[in-house]
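Only one structure is covered here, and it is reproduced in the block below.
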Amino acid sequence: MDNQNQLIQARQQKMQRLLDMGVNPYPNRSSRSHIIKDLWDNQQKFTDDEQKVTITGRIIALRRQGKVGFGNVADESGNIQIFVRKDNVGEENYEIFKSFDLGDFCQIEGSCFVTQMGEYSVRATCVTMLAKAVRPLPVVKEKVVDGKTIRFDEFHDIELRYRKRYLDLLLNPEHKHAFELRAHIISGMRRFFENRGFLEVETPILTPLYGGAHARPFNTHHNTLDMELYLRISIELYLKRLIIGGFEKVYEIGKVFRNEGMDRAHNPEFTLLELYQAYTDLDGMIELTESLFKFLAKEVLNTDTVTFHNTEINLTAPFRKASMLELIKEYSGFDASDFDYDKIKTFCLEHHIEVTSAAGAGKLIEEIFNHFVEPKLLQPTFVIDYPREISPLAKAKPDDPNLVERFELFIMGNEYANAFTELNDPHDQRKRLEDQQKMREMGDAEANVIDEDFLEALEYGMPPMGGIGIGIDRLIMLLTDNTSIKEVILFPQMKPEN
RNA sequence: GCAUGUGUAGCUCAGAUGGUAGAGCAGCUGACUCUUAAUCAGCGGGUCUAGGGUUCGAGUCCCUACACAUGUACCA
């Protein structure tokens, strides 16, 4: 018998003992009068009047001493010591207490008092088993020294933490913070958009064609229809159809799926916000983005700045705006504004920047930007004036056909938002997608595909508008000072263990 | 993808130069009616990630595979 089975068997034996006593180790009902935080918030009152309280929670520590025992019970709001004495609960009930193991859910009835050692506790008059844990939890012990909690044998194997997130949340409760903040940021966004009159919508995730981004999709198959379907890689083309349909302000927050490599910054499924607003443009999206960050900082984070890896980032001041070509010149000294392919290619080769056959001058300019500029943009910066070649859904600048009205927002060397004045000319849009198609044929597997249904919709007329996408996971990483996306996704993609 | 590192008990970790696997916690038995990393005494617990190889002998050396981390390339 292996060790784990031995541990499980010991717990099952205790469960059997309960059954033999006629006690259900998994009762249907429980009751509680107070959450544990209530007891802590009103210590004086509860100790003075000795009122009866009933708490529920998980046993997170046990210290037995013969005919008396201590333990700690935790619910979501906190944890408190319990004191169980045979004389207080009676012989039969004490047998139930003796069946308690670390990890069991229990209900404790009693009253609050302070022990001789000065610890605020619940003196039990009756204990109840609510749910027996038959599998042993990793044992983590804590000690408080000078107000600081020292944790022993912390559950910190990174792989186990991700594979068994429930144990991570249970044993390292501080890891809940990123997920709570995530929820608050998303609900804050919804409030912000609702205040501005946006409608939240849901569009298909399973689609006959994928588009709106530069990525490879996941394929699947519908049995009854006997057709190939793709998981969406962006939300863009459906949201634009809604603007065509007469909605003027829409957004969606949802999962998109990209079939690419995984690393500390990429999970195959991730959460994207996309938003479209009719009768505005890139400047409108800049205003909206600055206001959104300001709102989230003030209303959710209650601060102006966040600290990421010891760098203070001001989220509320106006962000810097600079064109991609200017920034390239600033950081590399190279002037690419003439879009001279041969000259740009030579520069790339000189600086060991990969030049693929499908890449034109615009793509190479982006590569130069990624290499020389991107890592240097620490404080929030709107990079504007993108090459048209790499922006097939953005409207060209009226005075420069090589460039489009687009920005990406960079903070700490990473991209946090991508926005355009959206292309609404169906002829231009068709041509752009055809150019993408050519790039596919030249080997760019991530280039956009031609979506005839979308083009037809465009032909019915789409108002001028601005649109933006914000990667939520990355944003949460920034706000929680995490460098791994797995720390902000509850159940990150993992390869099977065996 | 590539490079480097890690993988030993349920958990956290030791195991120089190859010689039949150790600790703490948790578990079991016993003692203990105010403890708090409770304490004390005793006991049990391992296909050392998997598969090959070298060797009289491999947790340790070599090869392959797998998982995870970090760096790097591409992408949000």
Side-chain angles (χ1 to χ4, degrees), chain A residues 1-11 13-14 60-72 79 81-89 94 101-103 113-119 121 123 135-145 149-164 167 171 213-216 233-234 256-274 352-354 356 366-367 370-371 408-410 414-418 444-446 469-475 477 483-486 492 494-498:
Chain A
M1 173 174 48
D2 65 39
N3 183 241
Q4 187 169 342
N5 276 337
Q6 213 174 68
L7 297 176
I8 290 172
Q9 210 165 67
R11 284 163 179 256
Q13 275 164 10
K14 288 186 189 169
I60 57 166
L62 269 178
R63 297 175 292 278
R64 296 180 192 284
Q65 268 200 117
K67 297 185 179 65
V68 67
F70 295 86
N72 284 76
N79 90 81
Q81 175 168 275
I82 59 164
F83 171 63
V84 184
R85 193 164 71 165
K86 198 170 186 175
D87 288 351
N88 293 344
V89 298
Y94 200 73
D101 281 307
L102 238 49
F113 77 116
V114 176
T115 65
Q116 283 174 16
M117 297 298 288
E119 177 142 352
S121 309
R123 183 188 351 239
R135 189 176 285 271
L137 286 175
V139 181
V140 175
K141 294 197 173 186
E142 287 179 349
K143 181 188 188 177
V144 177
V145 178
T149 300
I150 305 172
R151 195 176 286 163
F152 300 86
D153 299 333
E154 183 171 3
F155 181 74
H156 60 38
D157 182 294
I158 296 178
E159 186 176 349
L160 279 179
R161 282 184 44 231
Y162 297 154
R163 288 192 191 280
K164 301 186 193 300
L167 294 182
L171 302 171
H214 202 78
R216 289 159 70 187
I233 60 173
S234 87
V256 299
F257 308 82
R258 298 190 184 172
N259 208 337
E260 317 171 319
M262 290 161 53
D263 59 32
R264 153 185 126 272
H266 296 83
N267 197 62
E269 57 181 288
F270 63 100
T271 302
L272 190 61
L273 157 78
E274 282 201 37
H352 308 102
I353 293 168
E354 197 188 351
T356 60
E366 185 190 32
E367 297 289 348
N370 289 343
H371 184 262
E408 289 190 349
L409 173 62
F410 288 89
N414 285 308
E415 182 200 331
Y416 288 90
N418 182 17
D444 183 351
E446 297 181 342
I470 295 177
I472 301 293
D473 312 270
R474 294 274 175 89
L475 180 62
M477 287 166 67
T483 47
S484 171
I485 200 168
K486 290 187 166 87
M494 301 288 278
K495 294 189 194 172
E497 269 178 291
N498 300 315

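Below, chains carry the letters A, B, ... as their sequence lines are ordered, and counting in each starts from 1.
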Taking any heavy-atom pair under 4.0 Å as a contact, classify [X]: base, sugar-phosphate, or nothing.
X	value
Glu159(A)	sugar-phosphate
Tyr416(A)	nothing
Arg258(A)	base
Glu142(A)	sugar-phosphate
Lys164(A)	nothing
Arg11(A)	nothing
Asn72(A)	nothing
Gly66(A)	base
Ala10(A)	sugar-phosphate
Leu160(A)	sugar-phosphate

Is His156(A) close enough to C13(B) that one of its side-chain N or O atoms is under 4.0 Å from OP1 or OP2 there? yes
Look at the side chain of [X] and the base of [N], then say whether one donor and one acceptor between them are separated by less than 3.5 Å.
X	N	answer
Asp153(A)	G24(B)	yes
Asp263(A)	C74(B)	yes
Glu154(A)	U12(B)	no
Gln6(A)	G27(B)	no

Length of the line joining [X]:[atom1] and [N]:[atom2], which is rounded to integer Å:
X	N	atom1	atom2	value
Lys141(A)	A37(B)	NZ	P	9 Å
Ile353(A)	A73(B)	CD1	C1'	13 Å
Lys86(A)	C32(B)	NZ	C1'	12 Å

Dot-bracket for RNA chain B: what is it, with Watson-Crick or G-U pairs under 3.5 Å, [ ] where a pair crosses earlier ones, and | for a pair to another strand? (((((((..((((.....[..)))).(((((.......))))).....(((((..]....))))))))))))....
Taking the six-membered ring for Trp and the single ring otherwise, decide whether the centroids of Phe83(A) and Phe113(A) are under 6.0 Å apart. yes
